[in-house]
Enquirer: 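Can you keep this structure in mind? I'll have questions shortly.
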Amino acid sequence: MTTNNYKTDALVIGGGLSGAISSLQLARAGVEVTCLEQGDWTTPDDYPGDKADFELRALKQWHANPNVRDWPVDYRILEDTSDIKPLLFNGVGGSTILFSAHWMRFLPSDFRVKSLDGVADDWPIKYEDLAPYYDANEIDIGVSGIAGDPAYPDRPEYQMPPLPIQPWGEKLAAAHSRLDWHWWPGSNAILSRPYANRRPCVQRSTCRAGCNEGAKSSADRSLWPTAIQAGAKLQTGARVSRILTNDKGLASGVLFADRDGNTHKVEAEIIILAGHAIGSTRLLLKSANAQFPDGLANSSGQVGRNLMMHPLARVVGLFDEDMTSWQGHWGQSIYSMEFAETRAEHDFVRGGKWNLAPTGGPLTAATYPTDGKPVIGEDLHDRVNNWLGRSALWGVTAEDLPEAHNRLLLDKDEFDEDGDGLPRLIYKTSENSRRMLAFMTDRVKESFAAAGVTKTLQQSFAPDAGWHPLGTCRMGKSPDSSVVNKWNQCHDIANLYIVDGSTFVTSSSVNPAATIAALARRAVDKIIRERGSSTRTDS
Amino acid sequence: MLDTKQRKLFTELSNVILPGNLEQPAAQDIDIADEPLDLLLRSRPDLEKNLLKQLQNYCDATSNDALSYIQSLEITELRNLILIVCATYYMHPVVKKNIGYSGQQAIPLGRGGFGAEELVMEMMEKPKTYRCAD
């Protein structure tokens, strides 16, 4: 039984980064907008970073894998058929609550993979189409960094200078300069100066379990207060179970359950899906009806396909000197795009992005998963002594290319509370990605060696690092082979937009948050310009 | 809550994973199976079930030798046991002091530079490396 039905002009599903950007822009334009978020607000006091048992609770109660965290709001994701486990957060701010805040733009070549390298597909948009939206979002969000990176086109200066790159960052920066390899101070959605009534970073290095200072520009701190002030309505504890359609083939509204399990119906002229690649795809498939038997927006059969997960490797370099390397932002101190572009001499196409991070406290030192069997006894003491305070971590993200067999689908045997199949990830890491990671880890060891490091520990493949599920509702020109057009508008349902990472055509090697946010802002600008029209502008 | 026998078994396993040396106390030296373990389980009650299972398996093992038991563990079981022992051990104030770990501290940013500014200037002078897409 449904109760408390209501109407709104625009309905946003998901209160994470792209949902917040969408709601903010719509509210600023005077559009009546409501966002439904299944989770709740968190506060800086909730986060474990300033508690003595931080490392321990970060591995359970604040783990980024919802299957591990297992909060009541988390839905189970079947991951045993995936090489990489998904990481995300369900709540106001979405995964930005737990993300490491690396704020990276795509390279221009990322949008032209087919044309330049003969693989995958080109995007129907270019870097220049997104650049103004990257710029505008950064003002709202607050990003620290420095312009002038030769790996990128020119861009405006950041809102504030980079965070300290730390002693280990200086050592690796000097090493890369000697090697004539690219490096650049990290750009992070973390404040290095007071900004917009928020305090700057205190280098506690607990970013991945929530920021106790509010210095990390998670969407709940950076965007939602402004959006709500502008008139956006945010309803938490609202778990959407269905997107409804009408006899014209348009989206007409949604059904959602509140915290007490009561079902409500909201009608809207425009529906914007911002539920993360997994959540949005799941909802489209759950919403199958007689008119759309294979799920909404799925006439191409592409909803759920082309799942990309950004395979990751990690190498820890052990230095001789104490640098207190458990402190510092757990964003990126520096990054390197030296091997981000395709090179003829490589046995793989595309490339990887490196980011340098601190290395945590003693529990991290003792238990961080590296290749080989875990050590005990004196070897364990040695590992902690050599790691704690004396190390740095290069993370290497491989650009993942879309493959139709990597996908998300609804399981046939295990079901959610609505009686629909649970989301199942089917993902096999490609040979291209494997070769790329092997090459990159060898180069990372050269990087550390040039910095004076004599011993490294590595995790050649990190199954626990699925921060970036992407591509399951791909963007494209043709309704036959893609789900949304270049405006993130569904080919099949003109008043339904998808504005999260599911719409990525290819994954780039960089962190996707900035591009997700830019796509959302661009899509909403189009909606605002054409408000009232339900006619597609292209496809 | 663990009983006396279970605590004794936990101490035996912990001593193999973290024995004492000139710098560090052995697990038993900090009474790891008493208040430190209770503290751990208050933070992570979810770990108790796995711990009790491990202790029962150890108790049931034909060899009552802790090292042999640990060496026989599958890698996932071993990682789980090491996590419990290390979390208990490294949260202890004596151990933290010995290893020089002050916890994750709030250290306000200074107003100095971000570091390696001269190298950044050199990097800025380099030719652009991104590929033109058109």
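Letters go in sequence order (proteins before strands), and every chain restarts at 1.
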Enquirer: Give the C-alpha distance, both sets of side-chain angles, the deciding distance and a yes or no for side-chain contact (heavy atoms from CB on, under 4.5 Å) between B:Leu67 and A:Ile376.
Expert: CA-CA 10 Å; B:Leu67 178 60; A:Ile376 60 171; 4.2 Å; yes

Enquirer: Which atoms of B:Ile107 come close to chain A, meaning under 4.5 Å heavy atom to heavy atom: side chain ones, backbone ones, both, or neither?
Expert: both

Enquirer: Do you know which of A:Thr342, A:Asn212, A:Asp379, A:Asn385 has the most heavy-atom pairs under 4.5 Å to chain B?
Expert: A:Thr342

Enquirer: For the candidates A:Met337, A:Gln61, A:Lys51, A:His176, which exhibits the highest count of non-hydrogen atom pairs separated by less than 4.5 Å from chain B?
Expert: A:Gln61

Enquirer: For residues A:Ser192 and B:Leu109, report the shortest heavy-atom separation together with the two atoms involved.
Expert: O-CD1, 3.6 Å

Enquirer: Count the heavy-atom pairs under 4.5 Å between each of A:Leu59, A:Ile334, A:Thr324, A:Thr206 and chain B, then report the option with the highest count.
Expert: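 Ranked by contacts with chain B, first place is A:Leu59.
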
Enquirer: If I measure from the heavy atoms of chain A, does B:Ile84 come under 4.5 Å with its side chain, its backbone, both, or neither?
Expert: neither

Enquirer: Sub-3.5 Å donor-acceptor pair from the side chain of A:His381 to the main-chain atoms of B:Pro19, do we have one?
Expert: yes

Enquirer: Taking all atoms of both residues into account, what is the closest heavy-atom pair of A:Trp184 and B:Met124, and its distance?
Expert: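 That would be CH2-CG, 3.4 Å.
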
Enquirer: Which answer fits A:Phe111, side chain, backbone, both or neither, if we ask what part of it has an atom under 4.5 Å from a heavy atom of chain B?
Expert: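 No part of A:Phe111 comes within 4.5 Å of chain B.
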
Enquirer: Below 4.5 Å from any heavy atom of chain B, which atoms of A:Ala147 appear? Answer side chain, backbone, both or neither.
Expert: backbone

Enquirer: Output the option from A:Pro185, A:Pro161, A:Ala52 having the highest count of non-hydrogen pairs under 4.5 Å with chain B.
Expert: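 Counting heavy-atom pairs under 4.5 Å, the top option is A:Pro185.
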
Enquirer: To the nearest 0.5 angstrom, please state how far the CG atom of B:Leu40 sits from the CG atom of A:Asp53.
Expert: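 Result: 9.0 Å between the selected atoms.
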
Enquirer: Please identify, among B:Glu122, B:Glu125, B:Met123, the residue contributing the most non-hydrogen atom pairs under 4.5 Å to chain A.
Expert: B:Met123

Enquirer: Tell me, for A:Arg193 versus chain B, whether the close heavy atoms (under 4.5 Å) come from the side chain, the backbone, both or neither.
Expert: side chain

Enquirer: Can you tell if the side chain of B:Met91 reaches within under 4.5 Å of the side chain of A:Leu56, non-hydrogen atoms only?
Expert: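 A side-chain contact exists here, since the closest heavy-atom pair is under 4.5 Å.
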
Enquirer: Using non-hydrogen atoms only, which part of A:Lys126 is less than 4.5 Å away from chain B: side chain, backbone, both, or neither?
Expert: side chain

Enquirer: Let me know if A:Ile146 has heavy atoms under 4.5 Å from chain B in its side chain, its backbone, both or neither.
Expert: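 Contact with chain B is through the side chain of A:Ile146 alone.
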
Enquirer: Name the region of A:Arg112, side chain, backbone, both or neither, that has any atom closer than 4.5 Å to a heavy atom of chain B.
Expert: side chain

Enquirer: In terms of heavy-atom proximity below 4.5 Å to chain B, should A:Ser109 be classed as side chain, backbone, both, or neither?
Expert: both

Enquirer: Check A:Asp180 with B:Lys126, please: is the shortest side-chain N to carboxylate O separation under 4.0 Å?
Expert: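 A salt bridge is present here (some side-chain N lies under 4.0 Å from a carboxylate O).
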
Enquirer: Side chains of B:Gln105 and A:Arg204, heavy atoms from C-beta outward: is any pair under 4.5 Å?
Expert: no

Enquirer: Distance from A:Trp183 atom CH2 to B:Leu119 atom CG, nearest 0.5 Å?
Expert: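 One gets 5.5 Å once the value is rounded to the nearest 0.5 Å.
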
Enquirer: Contact between A:Ser144 and B:Phe114 at the side-chain level, heavy atoms closer than 4.5 Å - yes or no?
Expert: no

Enquirer: Using a 4.5 angstrom heavy-atom cutoff, name the option from B:Arg79, B:Lys96, B:Gln24, B:Glu23 with the most pairs to chain A.
Expert: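 Counting heavy-atom pairs under 4.5 Å, the top option is B:Arg79.
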
Enquirer: Check whether A:Val384 gets within reach of chain B through its side chain, its backbone, both or neither, counting any heavy atom under 4.5 Å.
Expert: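 Side chain only.
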
Enquirer: If you compare all heavy atoms of A:Glu341 against all heavy atoms of B:Tyr130, which two are closest, and at what distance to 0.1 Å?
Expert: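 Shortest heavy-atom separation between A:Glu341 and B:Tyr130 comes out as OE2-CA, 3.7 Å.
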
Enquirer: Short question: side chain of A:Gln203, backbone of B:Ala106 - any donor-acceptor pair under 3.5 Å?
Expert: no

Enquirer: Under 4.5 Å from any heavy atom of chain B, what part of A:Pro153 do you find: side chain, backbone, both or neither?
Expert: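 For A:Pro153, the contact with chain B is made by backbone and side chain together.
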
Enquirer: Which pair of non-hydrogen atoms, one from A:Asp149 and one from B:Lys128, has the smallest distance, and what is that distance?
Expert: O-NZ, 3.3 Å

Enquirer: Who wins among B:Gly112, B:Cys132, B:Ala87 for the most heavy-atom pairs under 4.5 Å with chain A?
Expert: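 Counting heavy-atom pairs under 4.5 Å, the top option is B:Ala87.
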
Enquirer: If we define contacts as heavy-atom pairs under 4.5 Å, which of A:Ala366, A:Cys201, A:Pro369 has the most with chain B?
Expert: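 Max contact count across the listed options: A:Cys201.
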
Enquirer: Determine the minimum heavy-atom distance between A:Thr367 and B:Cys86, stating which atoms define it.
Expert: CG2-CB, 4.4 Å

Enquirer: What part of B:Ile70 is in contact with chain A, defined as an atom under 4.5 angstrom from a non-hydrogen atom: side chain, backbone, both or neither?
Expert: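 Contact with chain A is through the side chain of B:Ile70 alone.
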
Enquirer: What part of B:Gln71 gets closer than 4.5 Å to chain A, counting heavy atoms only: side chain, backbone, both or neither?
Expert: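 Only the backbone of B:Gln71 comes within 4.5 Å of chain A.
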
Enquirer: Looking only at non-hydrogen atoms, find the nearest pair between B:Ile99 and A:Pro362 and report the distance.
Expert: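 So the minimum-distance heavy-atom pair works out to CD1-CB, 3.7 Å.
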
Enquirer: More than 12 non-hydrogen atoms from neighbouring residues, nucleotides or ligands closer than 6.0 Å to CD on B:Glu74, yes or no?
Expert: no

Enquirer: What part of A:Trp123 gets closer than 4.5 Å to chain B, counting heavy atoms only: side chain, backbone, both or neither?
Expert: neither

Enquirer: With respect to chain B, which residue among A:Pro48, A:Gly49, A:Ala151, A:Ala173 yields the maximal number of heavy-atom pairs within a distance under 4.5 Å?
Expert: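 Maximum pair count with chain B is reached by A:Ala151.
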
Enquirer: If you measure only the distance, is there a donor-acceptor pair under 3.5 Å linking the side chains of B:Asn21 and A:Glu378?
Expert: yes

Enquirer: Assess whether a salt bridge exists between A:Asp117 and B:Arg131, defined as any Lys/Arg side-chain N lying under 4.0 Å from an Asp/Glu carboxylate O.
Expert: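 Yes, this pair counts.
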
